[in-house]
Trainee: 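This structure is in structure tokens; I'll ask about it shortly.
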Amino acid sequence: MKMVVLASPVSTLQALSFSDSSPPYKLVHDHPSLTLLSNCKTLQTLKQIHSQIIKTGLHNTHFALSKLIEFCAVSPHGDLSYALSLFKTIRNPNHVIWNHMIRGLSSSESPFLALEYYVHMISSGTEPNEYTFPSIFKSCTKIRGAHEGKQVHAHVLKLGLEHNAFVHTSLINMYAQNGEFVNARLVFDKSSMRDAVSFTALITGYASKGFLDEARDLFDEIPVRDVVSWNAMISGYAQGGRVEEAMAFFEEMRRAKVTPNVSTMLSVLSACAQSGSSLQLGNWVRSWIEDRGLGSNLRLVNGLIDMYVKCGDLEEASNLFEKIQDKNVVSWNVMIGGSTHMSCYKEALGLFRLMMQSNIDPNDVTFLSILPACANLGALDLGKWIHAYVDKNMKSMKNTVALWTSLIDMYAKCGDLAVAKRIFDCMNTKSLATWNAMISGFAMHGHTDTALGLFSRMTSEGFVPDDITFVGVLTACKHAGLLSLGRRYFSSMIQDYKVSPKLPHYGCMIDLFGRAGLFDEAETLMKNMEMKPDGAIWCSLLGACRIHRRIELAESVATHLFELEPENPSAYVLLSNIYAGAGRWEDVAKIRTRLNDNRMKKVPGCSSIEVDSVVHEFLVGDKVHPQSNEIYKMLDEIDMRLEKAGFVPDTSEVLYDMDEEWKEGVLSHHSEKLAIAFGLISTKPGTTIRIMKNLRVCGNCHSATKLISKIFNREIIARDRNRFHHFKDGSCSCKDYW
DNA sequence: ATAGGGTTAG
């Protein structure tokens with residue numbers, strides 16, 4: 001912005017006397033119309049008072065006008081646009097009027113207007129004073145205008161106002177909040193005024209930018225620590241994710257007998273929420289709130305809801321949520337985000353729908369909370385709607401990079417890789433997360449070369465890959481069975497990038513070793529892992545035993561699985577398949593008996609398909625869908641046409657390869673086939689069918705779907721537990737390797 | 001007559 005350079009410090013001071021018609025000062029001050037202002041709550045009342053003031057001639061006094069402007073611009077019941085229009089009618093506004101106006105603008109939604117008025121004030125001949133600058137620096141803080149702030153700083157020096165305590169603190173705050181710590185410290189150190197407030201301004205700057213050690217050092221130096229100083233530290237630790245320290249500081253604050261306030265509690269609740277396991281402290285805060293009659297403070301209630309939801313008590317969160325009369329965007333966001341956080345994706349979608357019905361404008365946080373739910377459920381239509389909304393309302397969104405990244409992730413997980421890539425290519429500014437989303441997107445769709453190519457592009461553009469990047473890279477190798485490449489990435493990850501492998505990284509390597517038949521190497525890696533292998537790793541090893549017909553090894557691997565997850569039937573199913581493959585029918589029968597005797601927690605196979613924005617779900621052999629009759633008729637047609645095309649269902653699989661959908665019987669009624677049948681009858685010929693499945697697709701369904709894509713001339717995109725399959729023209733993108 | 005430091009959601 002253009003800044004007017006100030007004339008001489010003691011230039012034209014305007015006469016501040018009241019106009020001739022004004023009554024004596026004391027009378028003006030006591031006038032009943034002005035007393036009324038302090039109780040005024042609505043714009044209408046304000047207008048009445050204003051006309052009263054005009055009738056009595058008081059509007060000719062700067063005093064009355066300044067009171068009116070103050071009320072309209074600064075009071076919470078005021079009206080800034082009324083203040084602006086009133087201000088335009090004032091011929092020679094005095095300092096007080098200018099300052100009220102600027103203060104009102106600085107705390108408004110358009111803080112840059114305060115700077116415009118500041119320039120206007122100077123050019124119209126009124127010199128800013130010590131009351132003006134705090135508001136101006138506040139505006140510079142809000143608009144991140146360190147450059148403008150520096151120019152105004154020069155004005156302060158010219159006018160000799162740098163020793164005023166208020167100007168001093170707001171100046172430090174402006175620099176510190178803009179990350180200009182050198183300048184902030186310069187101002188701070190040059191002054192003899194090392195009072196608690198300016199200390200705190202500096203501390204807050206450091207703490208809010210994550211420089212908690214610097215903040216801590218200063219905090220130890222403050223002569224007197226008040227509640228705001230404590231809050232600055234607690235909030236800094238909470239925002240920096242250092243929740244233990246935030247809570248410890250809170251304890252210390254209580255020991256120091258400093259009375260906490262609402263702000264303190266908001267930070268404490270945030271820390272409790274992030275820890276995910278601090279219900280005790282959270283409940284204590286709740287009683288603190290209720291004891292003080294603050295139960296209807298929306299910020300506090302929202303904080304409580306967030307705390308409950310993240311600590312796993314969705315019920316208590318919902319109770320509080322439903323009791324709120326005037327929910328705001330944060331209330332909803334907290335509930336949606338919490339539901340997504342707890343993997344309650346359908347609830348998240350329901351809450352979002354409720355939010356739209358309640359005419360509450362969603363913001364970037366809303367979308368960042370709801371998009372992962374869309375991605376998980378495969379709710380592509382809602383995802384597309386959000387995409388269009390974001391496009392249209394880009395200007396009001398703050399975290400655009402995160403939003404685009406989340407959209408990439410959603411499109412990739414909903415099966416539309418092309419749109420994901422288009423967004424990626426359009427992004428001028430990318431974050432590490434953006435690259436990660438795109439790399440794992442390509443990886444899960446089996447585009448191994450593209451994923452790996454993107455990885456080298458990202459490093460050559462100066463991005464440093466993290467553990468998530470390598471999950472994507474190693475997954476890409478896993479899906480293509482690229483053992484030696486996988487090995488190279490794995491050791492590069494550890495040696496070049498100092499990323500210590502976690503379970504998913506080990507999982508990819510063990511899967512690669514197992515499928516290659518290198519069981520010794522798999523075993524060595526599993527022994528040397530810092531953590532215990534989880535069920536998924538044992539399962540993938542068991543799967544490898546099946547491919548390589550290693551029956552004895554399979555038995556020992558299965559034993560581990562039985563111990564680790566006694567309620568998980570998949571180990572039994574896999575082992576029985578291995579026995580069946582070797583023709584050991586007696587062992588198969590034994591396993592079946594154990595399966596039936598033990599109480600297994602069956603994970604039902606479930607497939608979903610979205611049609612016209614509605615997600616339809618199908619379980620194995622499901623007959624509850626309202627269009628069940630038509631669906632089963634279509635299933636019959638599919639089977640008939642499959643048979644005609646020469647498809648022979650693998651009867652050994654019918655008997656024994658029930659995979660994770662054990663005991664559910666007839667293969668042709670597997671959930672994915674129901675979903676495909678529904679897709680065929682409810683979407684236009686030739687259009688792509690997208691289905692999502694919670695488990696791995698079984699061998700028989702995989703072969704059937706390949707043929708269905710050819711017979712019905714449909715591209716079928718299926719997401720299973722591990723990856724995407726693109727069925728087209730009789731073949732699948734996974735090349736039967738999955 | 002007016003003024004400074006803080007505040008939940010990803």
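Every chain is numbered from 1, with letters handed out A, B, ... down the list of sequences. The model shown is predicted, which means the values in this text are computed figures rather than measured ones.
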Trainee: To the nearest Å, how far apart are W288(A) CH2 and dT7(B) C1'?
Mentor: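 My rounded result for the distance is 12 Å.
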Trainee: Remember a base hit wins even if backbone is also touched, and classify D364(A) as base, sugar-phosphate or nothing at under 4.0 Å, heavy atoms.
Mentor: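 The residue D364(A) makes no contact with any strand.
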Trainee: Tell me: CG of L34(A) to P of dT2(B), nearest whole Å?
Mentor: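 The distance from CG of L34(A) to P of dT2(B) comes to 14 Å, rounded to the nearest Å.
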Trainee: Hey, is CZ on F211(A) packed in by over 12 heavy atoms from elsewhere, all under 6.0 Å?
Mentor: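 Not buried by this count: 12 neighbours or fewer within 6.0 Å.
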Trainee: Report which part of the nucleic acid V334(A) touches: base, sugar-phosphate, or nothing (heavy-atom distance under 4.0 Å, all strands).
Mentor: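 Sugar-phosphate, backbone atoms only, no base.
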Trainee: In plain terms, say whether E214(A) and R185(A) are close enough for a salt bridge, that is, a side-chain N and a carboxylate O under 4.0 Å apart.
Mentor: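 Not counted as a salt bridge, because no side-chain N and carboxylate O are separated by less than 4.0 Å.
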Trainee: Looking at the side chain of T200(A), which of dT7(B), dG4(B), dG5(B) is the nearest nucleotide?
Mentor: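 Nearest nucleotide to the side chain: dG5(B).
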Trainee: Quick one: is dA9(B) close enough that its OP1 or OP2 comes under 4.0 Å of any side-chain N or O from S270(A)?
Mentor: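 Yes.
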Trainee: Base, sugar-phosphate alone, or nothing: which one does N99(A) contact when heavy atoms must sit under 4.0 Å apart?
Mentor: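 N99(A): base contact, heavy atoms under 4.0 Å.
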Trainee: Base, sugar-phosphate, or nothing for S66(A), non-hydrogen atoms under 4.0 angstrom?
Mentor: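 Base contact - S66(A) has a heavy atom under 4.0 Å of at least one base atom.
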Trainee: Which nucleotide in the list dG6(B), dG4(B), dA9(B) gets nearest to the side chain of V329(A)?
Mentor: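 The answer is dA9(B).
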Trainee: Give a yes-or-no answer on whether the side chains of S431(A) and T434(A) include a donor-acceptor pair shorter than 3.5 Å.
Mentor: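 Yes, because at least one side-chain N or O of S431(A) sits under 3.5 Å from a partner of the opposite role on T434(A).
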Trainee: Whole angstroms only, please: what is the CG-P distance between N173(A) and dG4(B)?
Mentor: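 Taking atom P of dG4(B) as the reference, CG of N173(A) is at 11 Å.
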Trainee: Base, sugar-phosphate or nothing for L266(A)? Non-hydrogen atoms, less than 4.0 Å.
Mentor: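 Base contact - L266(A) has a heavy atom under 4.0 Å of at least one base atom.
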Trainee: For a quick check of understanding: with a heavy-atom distance under 4.0 Å over all strands, which category does A165(A) fall into, base, sugar-phosphate or nothing?
Mentor: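 Base contact.
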Trainee: Side chain of N129(A) only, please: which of dA1(B), dT2(B), dG4(B) is the nearest?
Mentor: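 When the side chain of N129(A) is considered, dT2(B) is the closest of dA1(B), dT2(B), dG4(B).
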Trainee: Touch check for K310(A), heavy atoms < 4.0 angstrom, all strands: base, sugar-phosphate only, or nothing?
Mentor: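 K310(A): backbone/sugar contact only, no base atoms under 4.0 Å.
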Trainee: Looking only at the side chain of T204(A) (C-beta and beyond, no hydrogens), which of the listed nucleotides dA9(B), dG5(B), dT2(B) gets closest?
Mentor: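 Side chain of T204(A) sits closest to dG5(B).
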Trainee: When you measure from the side chain of D226(A), which nucleotide among dA1(B), dA9(B), dG5(B) comes out closest?
Mentor: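 Within the option list, the nearest is dG5(B).
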Trainee: So if I take every side-chain heavy atom of V96(A) and compare against dT7(B), dA1(B), dG4(B), which nucleotide ends up nearest?
Mentor: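 Looking only at side-chain atoms, V96(A) lies closest to dA1(B).
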Trainee: State which of dA9(B), dG6(B), dT2(B) makes the closest approach to the side chain of Y131(A).
Mentor: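 For Y131(A), the side-chain atoms sit closest to dT2(B).
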Trainee: Rounded to the nearest Å, what distance is computed from the OH atom of residue Y206(A) to the C1' atom of nucleotide dG5(B)?
Mentor: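 After rounding, the gap between these two atoms is 16 Å.
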Trainee: Rounded off to whole Å, could you give me the CZ-to-P distance for the F63(A) and dA1(B) pair?
Mentor: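 Those two atoms, CZ and P, are 8 Å apart.
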Trainee: When only distance counts, do a donor and an acceptor, one from the side chain of N261(A) and one from the base of dG6(B), lie under 3.5 Å apart?
Mentor: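 Such a pair exists between side chain and base.
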Trainee: Carefully, step by step, assess Y308(A) and N283(A) under the rule side chain to side chain donor-acceptor pair (under 3.5 Å).
Mentor: CA-CA 9 Å; Y308(A) 277 121; N283(A) 280 323; 2.6 Å; yes
Trainee: May I ask you to evaluate whether Q239(A) reaches the phosphate of dG6(B), defined as a side-chain N or O under 4.0 Å from OP1 or OP2?
Mentor: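 No, outside the criterion.
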Trainee: Of the nucleotides dG4(B), dA9(B), dG6(B), which has the atom closest to the N363(A) side chain?
Mentor: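 Comparing dG4(B), dA9(B), dG6(B) against the side chain of N363(A), the answer is dA9(B).
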Trainee: Using atom CZ of F181(A) as one end and atom P of dG5(B) as the other, report the distance to the nearest whole Å.
Mentor: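 The answer, rounded to whole Å, is 16 Å.
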Trainee: Is there a side-chain contact between Q177(A) and the phosphate of dG6(B), meaning an N or O under 4.0 Å from OP1 or OP2?
Mentor: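 Yes, such a contact exists.
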Trainee: Can you tell me how far C1' of dG4(B) sits from CE of M193(A), to the nearest Å?
Mentor: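 So the CE-C1' distance, M193(A) to dG4(B), works out to 10 Å.
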Trainee: Provide, to the nearest angstrom, the distance between the CE atom belonging to M174(A) and the P atom belonging to dG4(B).
Mentor: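 From M174(A) CE to dG4(B) P: 15 Å.
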Trainee: Quick one: which of dT8(B), dG5(B), dT2(B) gets closest to the side chain of S229(A)?
Mentor: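 Nearest listed nucleotide: dG5(B).
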Trainee: Can you identify which nucleotide, out of dA1(B), dT2(B), dA9(B), has its nearest atom closest to the N94(A) side chain?
Mentor: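 Within the option list, the nearest is dA1(B).
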Trainee: Does any donor atom in the side chain of D361(A) or N393(A) lie under 3.5 Å from an acceptor atom in the other side chain?
Mentor: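 Note: D361(A) and N393(A) side chains miss the donor-acceptor criterion.
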Trainee: So D306(A), base contact, sugar-phosphate only, or nothing? Heavy-atom distance under 4.0 Å.
Mentor: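 Sugar-phosphate contact only.
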Trainee: Salt bridge check, K190(A) against E162(A): does any charged N sit closer than 4.0 Å to a carboxylate O?
Mentor: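 No.
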Trainee: Suppose we call a contact any N or O donor and acceptor under 3.5 Å apart; does that hold for the side chain of D195(A) and the base of dG4(B)?
Mentor: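 Such a pair exists between side chain and base.
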Trainee: Could you tell me if S170(A) and N173(A) have a donor-acceptor pair between their side chains, going purely by distance under 3.5 Å?
Mentor: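 No - no donor-acceptor pair under 3.5 Å links their side chains.
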Trainee: What's N297(A) touching, base or sugar-phosphate or nothing? Going by heavy atoms closer than 4.0 Å.
Mentor: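 Nothing: the residue N297(A), judged by heavy atoms under 4.0 Å, touches no strand.
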